[in-house]
Amino acid sequence: MKPKKFTKSNLPEKQCQVCGRPFSWRKKWADCWEEVKYCSERCRRRRQKPIDPL
């Protein structure tokens, strides 16, 4: 089964978990759109890391 095609005017959007800005689907994310959480590499590097309990 082929994934459904998107037109430029009808691209899905998500909200970045770090900065809160909306970002649109990109072709390089076609196979992993469900796992994409960050709008950019910069936000991915700035993500909050869980604190280890002592």
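By convention here, the first residue in the shown sequence is residue 1.
Partners of E41 under the salt bridge (Lys or Arg N to Asp or Glu O under 4.0 Å) rule, at least two apart in sequence or in another chain, are R44. Under the rule for a side-chain contact (heavy atoms from CB on, under 4.5 Å), the partners of Q17 that lie at least two apart in sequence or sit in another chain are K37, Y38.
When all heavy atoms of C43 and V18 are compared, the pair lying nearest together is O-CG2, 3.4 Å. Scanning all heavy atoms of the two residues, the minimum distance from S24 to W29 falls at O-CZ3, 3.4 Å.
Between C19 atom SG and R46 atom CZ the span is 8.0 Å, to the nearest 0.5 Å.
Within the structure, the salt bridge (charged side-chain N to carboxylate O under 4.0 Å, His left out) test picks out no pair touching residues 10-30 (sequence neighbours left out).
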